[in-house]
Amino acid sequence: MSKTILVTGAAGFIGSHVTHAFLERGDRVVGVDNLNDFYAPERKRANLDELRQNGVGGKQFTFVEADLRNRGLADRLLSENTFDAIVHLAGMGGVRNSIEEPRLYFAVNLESTLDLLEAARRRPVENFVFASTSSVYGATERIPFVETDPCDRPLAPYAASKRAAEVLGFTYHHLHRLNFTALRFFTVYGPRNRPDMMAYKVADNLFFGREVALYNEGRVWRDWTYVDDIVSGVLAATDRPLGYEIFNLGRGEPVLLADFIRRLEELAGRKANFVPAPLPDTDILSTHADIGKARRLLDYQPRVSVGEGVARFWEWYRRRVLVAKRAA
Ligand code: NAD
């Protein structure tokens with residue numbers, strides 16, 4: 001049976017893919033996003049245009065341009081619609097940026113979540129899915145990362161704000177029996193990638209020579225996860241009200257940054273130029289998801305290898321740049 005779903009952050013990188021997938025399977029989506037300028041709002045508008053051009057949705061998709069920091073917005077959205085689920089992906093990303101603007105990160109990532117939870121507790125919303133992050137593991141010594149880790153040593157305001165929102169979700173589950181699932185995404189990449197993320201920055205360097213810092217000479221391991229795999233995890237979590245749960249959504253196979261870059265260089269047929277830099281205090285050397293719990297309870301199965309994912313990402317990036325050049 002088709003569902004009605006509120007997707008926050010629907011114009012963003014992950015949000016636009018998730019929205020597409022819900023619409024494609026016949027659900028109705030109300031998408032909300034403030035199209036902020038953390039990166040170019042034109043990219044977010046282009047994501048929305050693509051959703052409409054792809055022909056999915058039609059009347060099934062309603063977009064609301066609004067800021068979740070506006071008190072009363074969450075309540076208004078939930079009084080005007082009856083949602084089966086809230087998929088809360090809106091957020092301020094960017095670990096290092098959060099050092100400069102901690103209040104903004106807490107206002108968006110924590111307080112907006114509080115408003116949505118408050119609005120949801122008085123209504124028959126069956127499920128609340130929240131976008132969390134591998135960054136909550138912070139200064140953990142346990143590798144691979146397991147959901148039972150205390151995660152009480154976050155290394156940046158971004159990570160602290162996401163962990164606080166996960167914890168708040170438990171309170172609402174406990175007091176109001178709300179089903180709440182936090183999904184910890186691990187370094188997501190793919191078409192419509194955020195331009196502040198490493199995959200995009202390397203592509204920009206290979207294509208335009210734009211400067212990019214290389215931390216620790218590329219000796220950094222990341223559990224790169226292709227966006228389609230994340231989408232399938234989000235859909236599975238949305239369809240399963242589980243009380244209160246937290247899941248890692250990664251591939252479970254960390255790849256050395258230097259190898260990820262090498263793959264892009266092979267596709268581009270040239271070498272990237274980097275500015276060497278030490279690993280920032282906000283970052284750890286390695287992220288590695290234990291995805292056993294997601295496999296068991298969500299039937300989560302990452303399918304796209306890093307080799308394949310990088311090729312798909314590069315193809316998208318090249319096409320995007322060529323189209324932009326032609327239009328200029
Ligand atoms: P994104 O920046 O592309 O998408 C987030 C969207 O939220 C943006 O379109 C933005 O305009 C919107 N937004 C931000 N503040 C808002 C507000 N106050 N009101 C309404 N809309 C607002 O980022 P993304 O990479 O797609 O990330 C989606 C979610 O997943 C975020 O919560 C992020 O923290 C989380 N996450 C992403 C990654 C990753 O690797 N991309 C990893 C871990 C967690």
Side-chain angles (χ1 to χ4, degrees), residues 3-9 14-15 18 22 27 30 32 68-69 71-79 81-91 105-138 145-154 158-186 230 233-250 289-300:
K3 295 182 172 163
T4 301
I5 296 165
L6 174 64
V7 178
T8 73
I14 300 171
V18 165
F22 280 131
D27 291 333
V30 175
V32 58
L68 286 163
R69 287 172 297 170
R71 298 283 97 86
L73 174 66
D75 217 46
R76 180 164 67 76
L77 289 167
L78 271 75
S79 60
N81 305 272
T82 304
F83 292 112
D84 297 292
I86 296 175
V87 177
H88 181 31
L89 306 174
Y105 279 70
F106 272 79
V108 176
N109 295 350
L110 181 60
E111 288 176 29
S112 299
T113 308
L114 174 62
D115 282 355
L116 283 166
L117 287 166
E118 263 298 299
R121 81 174 169 102
R122 293 188 213 95
R123 300 189 172 84
V125 177
E126 203 188 14
N127 207 358
F128 192 115
V129 175
F130 171 68
S132 189
T133 168
S134 58
S135 298
V136 299
Y137 287 101
F145 299 164
V146 193
E147 291 89 344
T148 48
D149 192 285
C151 293
D152 52 3
R153 292 190 288 163
Y158 167 68
S161 69
K162 289 286 188 180
R163 179 69 181 126
E166 289 183 355
V167 171
L168 184 65
F170 180 79
T171 308
Y172 275 74
H173 164 67
H174 171 72
L175 293 176
H176 309 296
R177 296 284 143 230
L178 192 66
N179 291 297
F180 183 97
T181 293
L183 301 173
R184 294 176 177 165
F185 301 158
F186 282 67
I230 293 292
V234 173
L235 264 60
T238 307
D239 290 342
R240 291 169 175 77
L242 293 170
Y244 178 81
E245 293 293 350
I246 297 179
F247 293 101
N248 290 337
L249 289 188
D290 180 325
I291 54 172
K293 183 178 172 189
R295 280 191 203 277
R296 276 195 316 280
L297 296 183
L298 298 179
D299 272 333
Y300 171 70

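Values in this document were obtained by computation on a predicted structure and should not be read as measured data.
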Task: Test side chain to side chain contact (heavy atoms under 4.5 Å, CB included) applied to L77 and L116, step by step - done: CA-CA 9 Å; L77 289 167; L116 283 166; 5.5 Å; no

- [ ] Give the C-alpha distance, both sets of side-chain angles, the deciding distance and a yes or no for side chain to side chain contact (heavy atoms under 4.5 Å, CB included) between D115 and L73.
- [x] CA-CA 8 Å; D115 282 355; L73 174 66; over 6 Å; no

Open item on the list: Applying side chain to side chain contact (heavy atoms under 4.5 Å, CB included) to N81 and L6, what does each step give before you reach the verdict?
Closed with: CA-CA 9 Å; N81 305 272; L6 174 64; over 6 Å; no

Open item on the list: Pair V7, L89 - check side chain to side chain contact (heavy atoms under 4.5 Å, CB included), show working.
Closed with: CA-CA 7 Å; V7 178; L89 306 174; 4.2 Å; yes

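Listed here is the closest heavy atom pair of E166 and A182: CG-CB, 3.8 Å. When all heavy atoms of A165 and F130 are compared, the closest pair comes out as CB-CZ, 3.4 Å. The two atoms that bring P150 and R163 nearest to each other are O-NH2, 3.3 Å, heavy atoms only. Between K162 and S132 the shortest heavy-atom distance is CB-OG, 4.0 Å. Annotation for L68 and A90: closest pair CD1-CB, 3.6 Å, computed over non-hydrogen atoms. A pairwise comparison of heavy atoms in V136 and A159 identifies CG1-O, 3.8 Å as the closest pair.
Taking CZ of F247 as the start and OG1 of T181 as the end, the distance is 6.0 Å to the nearest 0.5 Å. To the nearest 0.5 Å, the span separating OH on Y244 from OG1 on T171 amounts to 8.0 Å. Distance check, rounded to the nearest 0.5 Å: CG of N248 to OG1 of T133 gives 10.5 Å. Between atom CG of residue N127 and atom CG of residue L242 there is a gap of 7.0 Å, rounded to the nearest 0.5 Å. With values rounded to the nearest 0.5 angstrom, L249 atom CG is found 7.0 Å from L298 atom CG. Atom CD of E118 is separated from atom CG of D75 by 8.5 Å, given to the nearest 0.5 angstrom.
Exactly one of D27, D239, D84 qualifies for a side-chain hydrogen bond (donor to acceptor under 3.5 Å, both in side chains) with K3. That residue is D239.
The closest donor-acceptor contact from the side chain of K293 to the backbone of I246 lies under 3.5 Å. Looking only at distances, a side-chain donor or acceptor of Y300 sits under 3.5 Å from a matching main-chain atom of G250. Panel note: side chain N179, backbone G243; a donor-acceptor pair is recorded below 3.5 Å.
Taking 4.5 Å as the limit, every side-chain heavy atom of H173 sits out of range of all side-chain heavy atoms of E245. By the 4.5 Å heavy-atom criterion applied to side chains, T238 and V234 are counted as neighbours. Side-chain contact between R123 and S79 is present, with at least one heavy-atom pair separated by less than 4.5 Å.
Taking 4.0 Å as the cut-off between side-chain N and carboxylate O, E147 and R184 do not count as a salt-bridged pair. A salt bridge links R240 with D299: the closest approach of a Lys/Arg side-chain nitrogen to an acidic carboxylate oxygen falls below 4.0 angstrom.
Ring-plane geometry between Y137 and F186 is classed as tilted, the angle between the planes lying from 30 to 60 degrees on a 0 to 90 degree scale. A perpendicular orientation is assigned to the rings of Y105 and Y158, their planes being inclined by more than 60° (bins at 30° and 60°).
Shown here is H176, whose NE2 atom has more than 12 heavy atoms of other residues, nucleotides or ligands within 6.0 Å.
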